[in-house]
Amino acid sequence: MDSSEPGGFVHPGLSSPPPSSIASSSANGALPRPRGTPLKSGSSKESSFIRYVDQGILHIQRRYAKRDSNEHWGDMKGYENFKEAGKDVERLVDIVWVSGTPSLQIPYLLSLALLIQTIIPGFPPSPRAMFGILSKLDHAFVSLLQGRDVDTGEPLPGFDRGRHVSDTEKVRIKSLVERTRVCVVEVMKEGEFDPADAEEPLDSADESMDDSEAYDGLAEVGSWDMEIAKVYDRTIVELGDTLGGESIGIVTE
């Protein structure tokens, strides 16, 4: 069976879960179920995982760098919109989560969250794609901070062995989510949304409304304000509890 994935990456041999569960998690915005035990330090699987994610991050960085060019870099074409880039980042977020290895999850999720923060202002706003990946990262960070999946309550692999998010890592996460929240506000103020983002179905109470009409309506009345306020909100609350100090608010007007 061919183990390659879109983007030219080769999937490392992680035993759980199957690729289908990763694909479905991307479709519904949920994190996939992690493997039962962390990858053994120094093992071939850990080396394969590190190589895969490093190559994936480099691939995304190169495609982002080529975003304004019509030229191909070998077989590589620059991203045309945030939606394209977000899908590649989200695929890596899922792979990192599946590893069930806190010593890899924490630094790589920080790297991927920083990558998303860098990419967001590089394209016209894509609210659906942007808020989707940020919500998934929020879920991942707050779960790591608590040592359990905050949605299911299940303990995370590796945390039963005394692993926890260090104070240094918490400070890095806090700084990153603060900057990202400000970045999202600034980008959403521009108001010129990417038309490609409207191609995704909108979760709306009025399902009979045409997608493009619903999209335009949200843009006009500023109905994205709630989503803006929810960016990393659970992580911010958790960090406020663990690091001390007040939770960080955000002004969307």
Side-chain angles (χ1 to χ4, degrees), residues 12 14-17 21-22 24-26 28-41 43 45-46 49-50 52-54 56-57 60 86 88-118 120 130-181 183-184 230-245 247-248:
L14 298 180
S15 59
S16 173
S21 69
I22 296 176
S24 64
S25 78
S26 294
N28 61 29
L31 286 167
R33 188 179 183 86
R35 51 182 280 129
T37 57
L39 295 170
K40 184 177 180 181
S41 178
S43 67
K45 284 187 177 181
E46 184 192 55
F49 170 87
I50 292 172
Y52 173 82
V53 179
D54 284 347
I57 291 174
I60 293 169
D88 280 350
V89 175
E90 186 172 5
R91 186 179 299 117
L92 288 184
V93 169
D94 287 342
I95 292 295
V96 169
W97 191 253
V98 165
S99 75
T101 309
S103 61
L104 297 172
Q105 289 172 317
I106 297 168
Y108 274 124
L109 287 173
L110 276 165
S111 294
L112 292 170
L114 177 59
L115 190 54
I116 280 292
Q117 184 212 332
T118 301
I120 286 173
M130 179 177 67
F131 291 129
I133 183 64
L134 290 175
S135 176
K136 180 172 284 193
L137 285 165
D138 186 30
H139 182 184
F141 281 133
V142 73
S143 295
L144 289 169
L145 288 165
Q146 293 190 11
R148 65 182 183 89
D149 188 309
V150 293
D151 286 352
T152 67
E154 296 181 4
L156 296 180
F159 285 84
D160 56 345
R161 304 178 183 180
R163 179 65 167 95
H164 64 280
V165 182
S166 69
D167 286 344
T168 299
E169 290 166 335
K170 290 176 183 177
V171 170
R172 289 186 62 198
I173 294 172
K174 183 175 182 179
S175 175
L176 178 58
V177 300
E178 287 175 353
R179 296 196 310 270
T180 303
R181 283 162 66 88
C183 177
V184 169
K230 287 166 60 179
V231 170
Y232 286 127
D233 60 338
R234 294 194 289 180
T235 300
I236 287 293
V237 170
E238 183 65 24
L239 287 170
D241 292 339
T242 58
L243 287 178
S247 297
I248 302 160

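Owing to the predicted nature of the structure, the values given are computational and were not obtained by experimental measurement. Keep in mind that the numbers below use all heavy atoms, side chains included, and drop hydrogens, waters and symmetry copies.
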- Query: So which heavy atom on Arg35 is nearest to which on Thr37, and how close?
  - Reply: NE-O, 2.6 Å
- Going by atom types alone, do Ser166 and Glu169 pair a side-chain donor with an acceptor below 3.5 Å? yes
- Judged by atom type as modelled, is there a donor-acceptor pair below 3.5 Å linking the side chain of Arg148 to the main-chain atoms of Leu156? no
- Query: Can you tell if the side chain of Ile95 reaches within under 4.5 Å of the side chain of Tyr108, non-hydrogen atoms only?
  - Reply: no
- Item | Non-neighbouring partners of Ser41 that pass side-chain contact (heavy atoms from CB on, under 4.5 Å), sequence neighbours left out | Glu46
- Note on the structure: Correct closest heavy-atom pair for Pro102 and Pro107 would be O-CD, 4.0 Å
- Query: Would you say the side-chain atoms of Thr118 pair up with the backbone N or O of Leu114, donor to acceptor, closer than 3.5 Å?
  - Reply: yes
- Closest approach of Gln105 and Val96, non-hydrogen atoms and distance? CG-O, 3.3 Å
- Is Asp88 salt-bridged to Arg91, cutoff N-O under 4.0 Å? yes
- Ile173 CD1 to Glu178 CD distance, which is reported to the nearest 0.5 Å: 12.0 Å
- Quick one: pull up OG in Ser111 and CD1 in Ile116 and give me the separation to the nearest 0.5 Å. 12.5 Å
- How long is the span from the CH2 atom in Trp97 to the CG atom in Leu92, to the nearest 0.5 Å? 15.5 Å
- Task: Scan Val150, Val165, Leu109 and name whichever one has a side-chain contact (heavy atoms from CB on, under 4.5 Å) with Phe141.
- Result: Leu109
- Side-chain contact test, heavy atoms from C-beta onward, threshold under 4.5 Å: evaluate it for Glu90 versus Lys136 and give yes or no. yes
- Message: Can you give me the closest heavy-atom contact between Asp94 and Ala30, atom names plus distance?
- Response: OD1-O, 4.4 Å
- Item | Residues Asp167 and Arg172 bridged, charged N to O under 4.0 Å | no
- Donor-acceptor pair, Thr101 side chain versus Ser103 backbone, under 3.5 Å? no
- Separation between CZ of Phe49 and OG of Ser43, rounded to the nearest 0.5 Å: 11.0 Å
- Looking only at heavy atoms, which two atoms of Pro157 and Pro34 are closest? And how far apart? CD-CG, 4.0 Å
- Interatomic distance, Arg181 atom CZ to Thr235 atom OG1 [nearest 0.5 angstrom]: 9.5 Å
- Quick one: pull up CG in Asp138 and CD1 in Ile236 and give me the separation to the nearest 0.5 Å. 8.5 Å
- Query: Taking side chain as C-beta onward, heavy atoms only, is Asp54 less than 4.5 Å from Ile50?
  - Reply: yes
- Message: Could you check whether Asp149 pairs with Arg33 (Lys NZ or Arg NE/NH1/NH2 to Asp/Glu carboxylate O, under 4.0 Å)?
- Response: no
- Report the C-alpha separation of Arg179 and Cys183 in whole Å, then their side-chain angles, then the decisive distance to 0.1 Å, and conclude whether the side-chain contact (heavy atoms from CB on, under 4.5 Å) test is met. CA-CA 6 Å; Arg179 296 196 310 270; Cys183 177; over 6 Å; no
- Verify side-chain contact (heavy atoms from CB on, under 4.5 Å) between His139 and Arg234, making sure each step is shown before the conclusion. CA-CA 8 Å; His139 182 184; Arg234 294 194 289 180; 3.6 Å; yes
